[in-house]
Every structure is written in structure tokens, then in C-alpha cells.
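Accompanying notes for the structure given below.
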Amino acid sequence: MANRSEESDADKRKPTSGDVSSAESKPSNFIREIIDKDLERGKNDSRVHTRFPPEPNGYLHIGHAKSMCVNFGIAEDYKGLYNLRFDDTNPVKEDTEYVDSIMEDIRWLGFDWEDRLYYASDYFDQLYEWAIKLIKDGKTYVDDLSAEQIREHRGTLTEPGKESPYRNRSVEENLDLFQRMKAGEFPDGSRVLRAKIDMAAGNLNMRDPVMYRVLHASHHRTGDKWCVYPMYDWAHGQSDSIEGITHSLCSLEFEDHRPLYDWYLDQLGVFHPQQIEFARLNMNYTVMSKRKLRVLVEEGHVDAWNDPRMPTLSGMRRRGYLPQSIRRFLDKVGVAKRDSVVDIALLEHCVREDLNIAAPRVMAVLKPLKVVIENYPEGQVEELAAINNPEDESMGVRTIPFSREIYIERDDFREDPPKKFFRLSPGKEVRLKHAYFIKCERVVKDDKTGEITELRCTYDPQTKSGEAHDGRKVKGTLHWVSCDHAVPAEVRIYNNLFTVESPDDSEDFRQHINPQSLEVVSGCQMEPNLKDVKPGERFQFLRHGYFCVDSVDTTPDKPVFNRTVSLRDTWAKIEKAQKGEANQK
RNA sequence: UGGGGCGUCGUCAAGUGGUAAGACACCAGCCUUUGGAGCUGGCAUUCCCAGGUUCGAAUCCUGGCGCCCCAGCCA
């Protein structure tokens, strides 16, 4: 399959339904209603301009993708604009490695910020000037209290705070001190600039919030220019204002920051964007906080940020998810204000839906069991035609070699078959996909271990290509691979990263890491068409699931396949139910 | 007697005073050379609870109850 281009055509192929680009197909939500009203009133000259403001301190995960779909998606639908803005106000945690990965992930999802790439650090000078203005207006002050003292003065959730003894310094002294903070005259943590608001406010964010801290840290963009760095609240709203953002859509935990967001903008008297909050994405069987994902990476529970088990965009990409599947998933999830946990089965459903259309079918035996077809001529090889995708005839037909010795899936044979097992067992007949009917005549076992080593079967020459000449039916159809022509490969089966639905609920989320989240299957045997696959190529392994060639560990002589998602497995369900019944008795 | 939010099917989620959309999951059946895909049908007499207003309430009012977020010089 060397003629297939890298990253494969699948990435470009349209999904069957639910085209994400048509605004009409998207259900409304409370944010769209707010925007509709703003537009009716002609607010902001009827502009819609949003932004996505990641902090470059980690890789993007699917929760960020939701934020993008909300911010960017809404701007697109309203024919507005959207900016990418790195919220880089804390140099000790941030790194250019992350800005690169973030941009790659956003592009992969299909969003284009064109020339509107910004950094909060672009505004450090403006922010500084504005801070000077607020000092002159008597609205802020330099506080000499230590971090611990500030905490003590803040009060508690139920008790008001106390004013700092430095709260009423003169404008001149504040100006002098702040300028010297900027110049680097004071050590880290020695002084902060605070807004003078209300130490008795019920909302703790309004109890004289810190605007600047002294940090003698080198910034990935501004170098050593600054010894003071703005806090999130002071930087964010003003950045939105500078960029002319009309609707600043963020997650729920910022709801009680909104009064402060508004306060700064009002004191400055500058353009005032509107902050609107929505619930962030949660999914079961995974974690969605950067902190926890970082722990997984740093403690080696997964290989890297792009480990296919991670809910990161880079992980999902490596696993073989199509970006449009993620977008469609997020559209289905919707946008609301209530906390919720989305079933990961919905994501997998969306992934299957696209791959079903896009992925060519292929036969791969993961756990081989040798079958010798005793009445098939030795040395004979037939090239059998096989359709590449029954969902899309334009994907054509390929040819597969058939011979006397083949591999079938070990799980497809049972010496003592349970009820409703219509695969192969002694004396039973099944169809080999695209080939012949075979019947199991004899089971060969290892004398010592008793392990089944080989099946001796016969075939019916009059069932070529899987159709019976006499109209007789077989219930089971197996996939197979000719021994002499098979290409060996490694397959990685991924399962949920956690064994419980909400690992967040427990004391230590790590105790619920699924020991079977990765199952490496080596010695797999694949049809010869899979000889020269390229990283990123996707296939459906018949009766198994969707797989994609790993982009990290694949080498020219040893392909590695990641299982993107399994096929729905009705038999597994039946068998599980049968076992359940057996245990009841 | 802090502040801010939120409660509609197992899970998401529409619904904006006119008699509970849709999706996933689940169940049953049809079809099938993937136990895949597809197709058909089932799946909230009731919207956290209790009162009230109304001809009519998930929607309005009152009072409860429950859940989430906030005490970083993180974002």
C-alpha cells in the first residue's frame, strides 16, 4: 500500500454526517443566545471576536479542544474572528516546547488563527503603564507584607480580611517603590503591587488582589527585561481589551473572577469585553487536569505527553483519531453551565463513525493459530479478490494470497464451544473471508503442555470466494492470513487509562491506573499488503477494530500498529452475559 | 447569617407558560461473506423536593434539599 500518501487520505475525507462547518446544524446554547442578543442591539458594532488563551506550560488535551470549539467555533459560525493568545505571564512554569506543541495541535484540529497570534507578554509595557496610571489614581499600592502575611490578612471564607498597614502609602512612595520593583532592586517575594478594592468583600478575589509580583526570572520571550510579572487577573482582561475581543469565553472556575475582570476594565475606562463562563469537559475513565497529566508523564506511568492513552490531542493524534471526530464529539457534547462527565463511549462512537467510512479493510491475525488445509494442494497459491471497503466501493479491490497453511485467530477456535459460539470448533464449518468454507477435522496438541498447536481442516473447493454452490449457510466468517505470505508486526492494544470512572474522586488518582491500559501483542501476522505501510496510515483490521501505524516506534522492517478503537463486539457482550449467568448459578 | 454557580432519562443535552427534542449507552428484532456497518422498534405520564400562582408550570413565585467553585506572590 505504498501508493497511499502519508497521514493518509482519511484526514481529508469528509465525515458521513454532522458536518461541523455548517452553523445551522449546531444546536443553540446559552452563549449563542447572549451573542444573538448583542448582535440585535448592535453591541460592539456587531462584531464577534473571540480568543483561545492557553498557558504554555503543558500539552493541550481534549478539554482545551472544547474551549477552542466554543471560542473559535462560535467566531467561525458568526463570521467573526478569533485570536490565539499565549497567556505567558509566569515564566517559571512556561516553555517554548509547549508553545510549539500547542500550535501544532490547534492546526491539526483544523483551526487557523491566520496572523492573529499574540502573547500576553506583548502587552507587558502597556500593562505597566496602566499600572502606573492606577497608582496615580490612588487605586493600587505596593505592599511589603510577605506572602504568608498577605494570606493571614486575607481572612477566610466566612470572615473579612484586614487591611495591610502599607495600604495607604502616598502615591509618590508607591510610584517610587513600583518602579524600583521593576528595576529589580528588591528580591523575589519581597513586595507586590495590589489593587485597592475591599478587604471585606465576600468575593475573595476582590480583597485587594495582587497585580504584580517580583520575579527575577528569564522569560521565554522578553528575556531578562522584566523583574515584575503581572498576575492572570491583571493581564487577562486587559489583553482581551487590547485585542478588541467581544466575548471572552472561559470555564466556570473563573466566574468569581469576573467582578475583578470588570473592575480593572472599568477603572481603566478602556474597551470592555464580556466574559462568559461555561462548564469544562470531563470524561469518565480519564483525568483532565494538566497537573495530573504531568504526573503521569513525569512518573513514567505513560511514555510521554503523546502516549496514545493520554487524553491529550497529541496522544489522540498518535492513536489514530481523526480531528473531525473530536470536533463532532464536542459539538454533540454541547455547551452548558452544569458540571458534567461525558461518557468516553460517545467519543469512541464518533471516532468509529468516521473511520468506518475512511479506513480500508485489511486482515490481520493478532494471536495466530496455524491451520493446515489437508485437501488443498501443496505449493498452490491463489490470489483472491477482496473489497477494500464495503462502505465505499470507490476504494477498490485488492488481492490476497491463499495457500494450504494459514493462520486464524486463536480466539476463533474453541474445542468445547459455548452456546451461540458460531466460529470454528471440531467438526464445524466456517467461512474464511473472501476464500473458502473450511471444516475442522482434527486438533493437534503439544504432548506435554496440552496446548493446541495446529488445526487440521478440509476445504470445499466449490465455495470459492466464500459462496456455497449448494446454498448452504455457515454462521461464522473468520479472517485469516496465508502463513508463507504473512508479514509479522507488533500491535498495541489500548484500554482505558483508569479502572474507575472518576479517578479524580479518590485520594490518589494513581492507584486506579489500569495495569492493562496497554497490551503489547507481538508475533501478529498480517496480510502481505501491509508490508510497506507508512506512519499515520489507518486501517480496519477485519473483526478487530481500527488501527493506525505508530509514528514513533515504527521502523522500515517492523511496523507497529496502535489500536485506535475496537469494533463493537457483540460476541464479547454475549459471552460476558453467559459468564455472568454461570456465576449466578 | 461569606461569595459565586448549578440541579430535565444510566450519561450528555434541548426546552424560555400550551402539555418532555436529539445523541450515546442499553434492550428486542431485521439484514449481513466483518457477531462490523446499516435498518426497525423500545427506552422520563414527568423535569431535586414541598407548597403557591394559572384554564394550563420543567418553565413564574415562596421555602427547603443536594452538588460544584473560591482563602496562589498559579492560570
Side-chain angles (χ1 to χ4, degrees), chain A residues 18 27-29 33 53-55 57 87 89-90 92-93 143 145-147 150-152 154-161 188-194 200-207 209-215 228-229 231-233 235-236 250-259 277 279 284 290-291 329 332-350 352-353 356-357 361 363 386-387 390-391 420-423 431-435 437 463 465-468 474-479 501 540-545 566-574:
Chain A
S28 189
N29 59 52
E33 282 175 17
E55 185 189 12
N57 69 343
D87 217 331
T89 56
N90 188 357
V92 307
K93 290 191 175 174
D143 197 345
L145 256 27
S146 69
I150 287 180
R151 194 185 326 122
E152 284 160 3
R154 186 153 30 229
T156 67
L157 293 177
T158 52
E159 299 156 22
D188 288 3
S190 57
R191 274 175 242 260
V192 293
L193 184 71
R194 291 231 256 171
N203 182 342
L204 302 213
N205 293 119
M206 301 301 270
R207 319 243 262 228
V210 172
M211 295 168 67
Y212 280 98
R213 72 279 214 188
V214 177
L215 229 46
V228 290
Y229 288 93
M231 299 291 290
Y232 164 84
D233 288 299
H236 199 85
C250 63
S251 46
L252 246 32
E253 66 268 30
F254 292 103
E255 211 150 18
D256 35 313
H257 289 245
R258 193 172 65 229
E277 312 83 11
N284 54 9
K290 262 194 233 177
R291 204 206 97 235
F329 163 69
K332 280 174 190 272
V333 165
V335 184
K337 291 198 72 159
R338 73 182 83 104
D339 292 314
S340 59
V341 182
V342 177
D343 194 337
I344 200 163
L346 179 59
L347 209 211
E348 293 181 341
H349 165 82
C350 293
R352 285 191 192 102
E353 213 164 45
N356 178 44
I357 304 302
R361 265 118 256 225
M363 293 201 287
I387 188 160
E391 303 293 324
K420 292 186 183 168
F421 182 87
F422 39 84
R423 276 113 100 140
R431 169 169 39 235
L432 294 176
K433 179 81 177 176
H434 306 306
F437 288 7
T463 55
S465 79
E467 194 86 50
V474 291
K475 203 84 161 104
T477 302
L478 310 188
H479 60 277
E501 286 205 37
Q540 184 197 100
F541 288 178
L542 231 56
R543 303 208 299 135
H544 279 301
S566 69
L567 252 22
R568 286 184 63 227
D569 190 347
T570 308
W571 166 243
K573 233 178 252 178
I574 293 168

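In the text below, chain A, chain B and the rest are named by the order of the sequence lines, each starting its count at 1.
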Name the nucleic acid region contacted by [X], choosing base, sugar-phosphate or nothing; use a 4.0 angstrom heavy-atom cut-off, strictly under.
{"X": "A/Gln540", "value": "base"}
{"X": "A/Thr156", "value": "base"}
{"X": "A/Phe421", "value": "base"}
{"X": "A/Lys337", "value": "sugar-phosphate"}
{"X": "A/Val92", "value": "nothing"}
{"X": "A/Ala336", "value": "sugar-phosphate"}
{"X": "A/Leu145", "value": "base"}
{"X": "A/Val333", "value": "sugar-phosphate"}
{"X": "A/Glu33", "value": "base"}
{"X": "A/Tyr229", "value": "nothing"}
{"X": "A/Tyr212", "value": "nothing"}
{"X": "A/Gly189", "value": "base"}
{"X": "A/Pro390", "value": "base"}
{"X": "A/Leu215", "value": "nothing"}

Upstream residue (5' side of RNA chain B) when A/Leu542 and A/Leu252 are each assigned their closest nucleotide: A/Leu252
Nearest-nucleotide comparison on RNA chain B, the residue closer to the 5′ end among A/Glu391 and A/Asn203: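 The 5'-side residue here is A/Asn203.
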If you define the side chain from C-beta out and look only at heavy atoms, does anything of [X] sit under 4.5 Å from [Y]?
{"X": "A/Leu252", "Y": "A/Lys337", "answer": "yes"}
{"X": "A/Asp143", "Y": "A/Val210", "answer": "no"}
{"X": "A/Tyr229", "Y": "A/Val92", "answer": "no"}
{"X": "A/Leu193", "Y": "A/Val228", "answer": "no"}
{"X": "A/Leu478", "Y": "A/Arg543", "answer": "yes"}

Syn/anti state for B/rG7 [syn: chi within 90° of 0]: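 Glycosidic conformation of B/rG7: anti.
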Between A/Phe422 and A/Trp571, ring centroids under 6.0 Å: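 Distance test on ring centres: not under 6.0 Å, no.
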Ring center gap for A/His479 and A/His544 short of 6.0 angstrom: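 Yes, ring centres under 6.0 Å apart.
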For [N], does either OP1 or OP2 sit under 4.0 Å from a side-chain N or O belonging to [X]?
{"X": "A/Arg338", "N": "B/rU8", "answer": "yes"}
{"X": "A/Thr89", "N": "B/rA75", "answer": "yes"}
{"X": "A/Arg154", "N": "B/rC73", "answer": "yes"}
{"X": "A/Arg213", "N": "B/rC74", "answer": "yes"}
{"X": "A/Lys573", "N": "B/rC26", "answer": "yes"}
{"X": "A/His479", "N": "B/rU34", "answer": "no"}
{"X": "A/Arg568", "N": "B/rA37", "answer": "yes"}
{"X": "A/Arg191", "N": "B/rC73", "answer": "no"}
{"X": "A/Thr570", "N": "B/rG36", "answer": "yes"}

Base-pairing assignment for [N] (Watson-Crick or G-U wobble, both under 3.5 Å):
{"N": "B/rU32", "answer": "none"}
{"N": "B/rC60", "answer": "B/rG52"}
{"N": "B/rG66", "answer": "B/rC6"}
{"N": "B/rA21", "answer": "none"}
{"N": "B/rC26", "answer": "B/rG42"}
{"N": "B/rC47", "answer": "none"}
{"N": "B/rU16", "answer": "none"}

Expressed as a whole number of Å, how far does the [atom1] atom of [N] sit from that of [M]?
{"N": "B/rA58", "M": "B/rA20", "atom1": "C1'", "value": "8 Å"}
{"N": "B/rC68", "M": "B/rC73", "atom1": "P", "value": "25 Å"}
{"N": "B/rU45", "M": "B/rG64", "atom1": "C1'", "value": "26 Å"}
{"N": "B/rG41", "M": "B/rU54", "atom1": "P", "value": "43 Å"}
{"N": "B/rU59", "M": "B/rU16", "atom1": "C1'", "value": "7 Å"}
{"N": "B/rG10", "M": "B/rC27", "atom1": "C1'", "value": "13 Å"}
{"N": "B/rG22", "M": "B/rC30", "atom1": "P", "value": "25 Å"}
{"N": "B/rG7", "M": "B/rC12", "atom1": "P", "value": "12 Å"}

A/Tyr232 ring over B/rA75 six-membered base ring, under 5.5 Å and 30°: no
Polar pair under 3.5 Å, donor/acceptor by atom type, side chain A/Arg151, base B/rG72: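 No such pair is found, so the answer is no.
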Presence of donor-acceptor pair under 3.5 Å, side chain of A/Glu255 and base of B/rG3: no
Taking the side chain of [X] as its heavy atoms from C-beta onward, which of [options] lies nearest to it?
{"X": "A/Phe422", "options": "B/rG2, B/rC74, B/rG35", "value": "B/rG35"}
{"X": "A/Val342", "options": "B/rC12, B/rA25, B/rG36", "value": "B/rC12"}
{"X": "A/Asn356", "options": "B/rC24, B/rG36, B/rC73", "value": "B/rG36"}
{"X": "A/Leu157", "options": "B/rC70, B/rA37, B/rU34", "value": "B/rC70"}
{"X": "A/Lys433", "options": "B/rA75, B/rC73, B/rU34", "value": "B/rU34"}
{"X": "A/Thr477", "options": "B/rG72, B/rG35, B/rA71", "value": "B/rG35"}

From [X] [atom1] over to [Y] [atom2], what is the distance, rounded to the nearest 0.5 angstrom?
{"X": "A/Thr477", "Y": "A/Arg431", "atom1": "OG1", "atom2": "CZ", "result": "3.5 Å"}
{"X": "A/Arg352", "Y": "A/Leu567", "atom1": "CZ", "atom2": "CG", "result": "7.5 Å"}
{"X": "A/Asp233", "Y": "A/His257", "atom1": "CG", "atom2": "NE2", "result": "5.5 Å"}

Length of the CH2-C1' vector between A/Trp571 and B/rU34, whole Å: 16 Å
